[in-house]
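Below is one structure, written out as structure tokens; comments come after it.
Basis for what follows: all heavy atoms, side chains included, without hydrogens, waters or symmetry-related copies. Computed from a predicted structure; not experimentally measured. Just so you know, residue 1 is the first one in the sequence shown, and it goes up from there.
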Amino acid sequence: MNDGIFHDYLAANPQLTSFFAQSPAQRHDWNIPAREWAPSLAQAIRQYQGRIGASSAFRGDEAVIATGQQPGLLTGPLYTIYKAITAIRLARELTALRNMPCVPVFWLATDDHDFEEARTARVLNKNGQPLALTYAPEADVRGMPMHRVPVESSLHAIIDRAASETRGSEFRHEITAFLHESLDASDSFADWTARIMARLFEGSGLVFFAAHLPEARRAAAPIMERALQEPLAVARLANEAARELEALGYEPQVRKHDHECAFFIETEGKRQKVVFAENRFHVGSPPKTHTREAMAAFLRAEPECFSPNALWRPIVQQHLFPVVAYVGGPGEIAYWAQLKPVFTFAELPMPTVYPRAQALLTTEKLSALREMCNVSLRDLMGPPDALMEKALRASTENDAIRRLRAHRKRIEEALRGFAQDMGASDRHAAELAEKFEKTALSRLDRLERALLMTDKARVATARARLERLGNALVPERKPQERAYCVASFLFEYGWELIPRLIETLDIESFHMNEVEL
């Protein structure tokens, strides 16, 4: 995640303006592309909705708010849910604001092949401890796109463990049953993710798009041909933008190898990287070599084998849909900062990049515990010693500490007067007096810390409280939304959790939403 670019983008820093199309805050000024979706693509997407159990409907001439994510175990981290919610809300609000139909489209990156990232989901168990659930298929899935990764029977055990280990309620049985039934109905890891997402967002209007659909690959063939004609242009343009960002003091999100092409080729069930060198395309390892003419003929004959890389995917998305805005997280916004020249190269309009909602799911008990410990989220993600000290200061009040604090006020006043008086003589005396004052105050701090730690029972209580807060809100000192999956809360709060979040989350402030469940 690139915090520098993300924070400056939110702050509308003028030096970043030229790297993006439009400001996310100026919705009245957004360009609204008006064109129909390709009829064959629209029909394929309708059929896909029916197959995964989605209830979304669309005409096929609406403007689009796009977002997306690769498939993940139990839908992956919570930020996937927040991206979808932001797209839904933004589409509704833009429809009302501009008086034109706009639909949210969730791009399931079913052609992604990073299974290592997708195979693990984390939940908070009933004992307040993080629990990792990992899918380890017997099949060799290395290099497989997600739409080919099989769903094996071991996933049923993962469902049962998630259901039994997390806090539950009367909703547990229904949700567990659905997860088992949807798994049995799925033909791939990506398909199972899609079915869960469709049930989570039932009735929301969210349209699901699978990147591996043959009709989508065929519809994308003209823009893929553009990437073939100048195979190194995308890497070059992205790297040039990276150097410009670096010159402004930012750390670029993406750096591509000079010979890397903007697309992959799927052969023998694997997704293969493509490089271009010595006027030839080289596919996979060990590489198979193709001339320009042969690769162009391959694309014309079998466009279903071609898929874009992360930099070219937004271009394909814009080619397929009239996208008004793309909803992304901090890392995505950082790499979109390198894409404006790529859109220009593709002769397509760059959409507005809209920050997804950020959220923290908490409870009344956790909120009370935070208040008792007097700690913020920033504190919880900070150094453990400082966190413990702050919590103890809020809860510890023995006779020795009361006396120290009473004397400290007088000592500080005396030291301040001493330093001022010494400063009246000469500069050297002033410097020595100021140094003495800092040393004395530092020793008082150390004395108070030592006194705070003398009550072992209170220290143990504070440590347990902080561990509970940390595990629930910032596991491993990371944002909750990047650690836990929706299953961590679903068995307790049921399907209505998602409609509640759709109505509750503030998508306009770009600040953390704290939602008390």
Side-chain angles (χ1 to χ4, degrees), residues 1 3 7 77-79 122-132 165-167 330 358-413 415-416 435-485 488-489 492 511-517:
M1 185 172 72
D3 285 342
H7 288 150
L78 277 164
Y79 62 72
R122 291 174 175 79
V123 295
L124 183 70
N125 71 14
K126 287 180 285 192
N127 297 322
Q129 298 294 323
L131 172 66
E165 292 273 7
T166 57
R167 294 179 64 88
Q358 302 177 70
L360 176 78
L361 305 185
T362 185
T363 65
E364 185 178 350
K365 288 183 178 180
L366 288 171
S367 296
L369 193 59
R370 268 178 67 189
E371 186 174 348
M372 186 185 301
C373 294
N374 190 33
V375 293
S376 65
L377 288 180
R378 185 181 294 275
D379 293 330
L380 289 167
M381 296 177 73
D385 290 345
L387 176 63
M388 174 62 81
E389 182 181 340
K390 187 169 185 181
L392 287 171
R393 286 179 186 276
S395 64
T396 302
E397 184 69 19
N398 58 35
D399 186 59
I401 290 178
R402 278 195 298 273
R403 289 174 182 274
L404 172 63
R405 289 173 178 171
H407 283 293
R408 180 173 183 134
K409 291 181 180 179
R410 293 193 291 272
I411 293 170
E412 286 179 348
E413 290 175 3
L415 287 170
R416 194 178 306 114
K435 185 176 180 180
F436 177 79
E437 180 185 10
K438 289 179 181 178
T439 301
L441 292 176
S442 176
R443 289 182 179 275
L444 284 173
D445 289 338
R446 287 170 57 187
L447 176 58
E448 184 168 355
R449 283 196 293 270
L451 291 171
L452 287 170
M453 300 297 289
T454 55
D455 190 333
K456 301 303 181 185
R458 196 177 290 272
V459 169
T461 298
R463 183 170 287 114
R465 288 172 175 171
L466 293 174
E467 182 181 8
R468 182 182 173 192
L469 286 171
N471 286 340
L473 306 180
V474 288
E476 298 178 359
R477 291 182 171 76
K478 297 176 183 176
Q480 180 197 73
E481 60 187 23
R482 304 192 69 83
Y484 294 135
C485 69
S488 196
F489 305 90
E492 183 174 6
H511 297 306
M512 180 66 71
N513 289 263
E514 291 197 28
V515 181
E516 201 168 273
L517 299 175

Just jot down the side chain to side chain donor-acceptor pair (under 3.5 Å) partners of E389, sequence neighbours excluded, or say none. R393
May I ask you to decide if Q129's main-chain N or O and N127's side chain share a donor-acceptor pair within less than 3.5 Å? no
With sequence neighbours left out, the residues meeting side chain to side chain donor-acceptor pair (under 3.5 Å) with N513 are none
Got M381 and P479 here, is their nearest side-chain heavy-atom distance under 4.5 Å? yes
Taking salt bridge (charged side-chain N to carboxylate O under 4.0 Å, His left out) as the test, write out the residues that go with R468, two or more places apart. none
On a heavy-atom basis, the closest approach of N374 and K390 is O-CE, 3.0 Å
Results of side chain to side chain donor-acceptor pair (under 3.5 Å) for R378 - residues two or more places apart only: none
Which of these, L361, T362, L366, sits in a side chain to side chain contact (heavy atoms under 4.5 Å, CB included) with L517? L361
According to salt bridge (charged side-chain N to carboxylate O under 4.0 Å, His left out), who are the partners of E481, at least two apart in sequence or on a separate chain? R356
State which residues pass side chain to side chain donor-acceptor pair (under 3.5 Å) with T461; sequence neighbours excluded, sorted by chain then number. none
Side-chain donor/acceptor pairs under 3.5 Å, residues 470-478, sequence neighbours excluded:
unit_1: N471; atom_1: ND2; unit_2: G128; atom_2: O; d: 2.9
unit_1: N471; atom_1: ND2; unit_2: E467; atom_2: O; d: 3.3
unit_1: R477; atom_1: NE; unit_2: G382; atom_2: O; d: 2.9

Whether T166 side chain and S488 backbone form a donor-acceptor pair below 3.5 Å: no
If you round to the nearest 0.5 Å, how far is CE of M512 from CD of Q358? 5.0 Å
Pairwise distance NZ(K438) to CG(L415) - rounded to 0.5 angstrom: 13.0 Å
So CZ of R416 and CD1 of I411: to nearest 0.5 Å the spacing works out to 12.5 Å
Can you name the side chain to side chain contact (heavy atoms under 4.5 Å, CB included) partners of A132, sequence neighbours left out? T120, R122
To the nearest 0.5 Å, what is the distance between CG (L387) and CG (L466)? 4.5 Å
Any residue meeting salt bridge (charged side-chain N to carboxylate O under 4.0 Å, His left out) with E514, in chain and number order, not counting sequence neighbours: R370
Would you compute the distance between atom CG of L78 and atom CZ of R482 and round it to the nearest 0.5 angstrom? 11.5 Å
Could you tell me whether the side chain of F489 reaches within less than 4.5 Å of the side chain of L124, counting heavy atoms only? no
Under a 3.5 Å distance rule, please check whether T439 uses its side chain to pair with a backbone N or O of K435 as donor and acceptor. yes
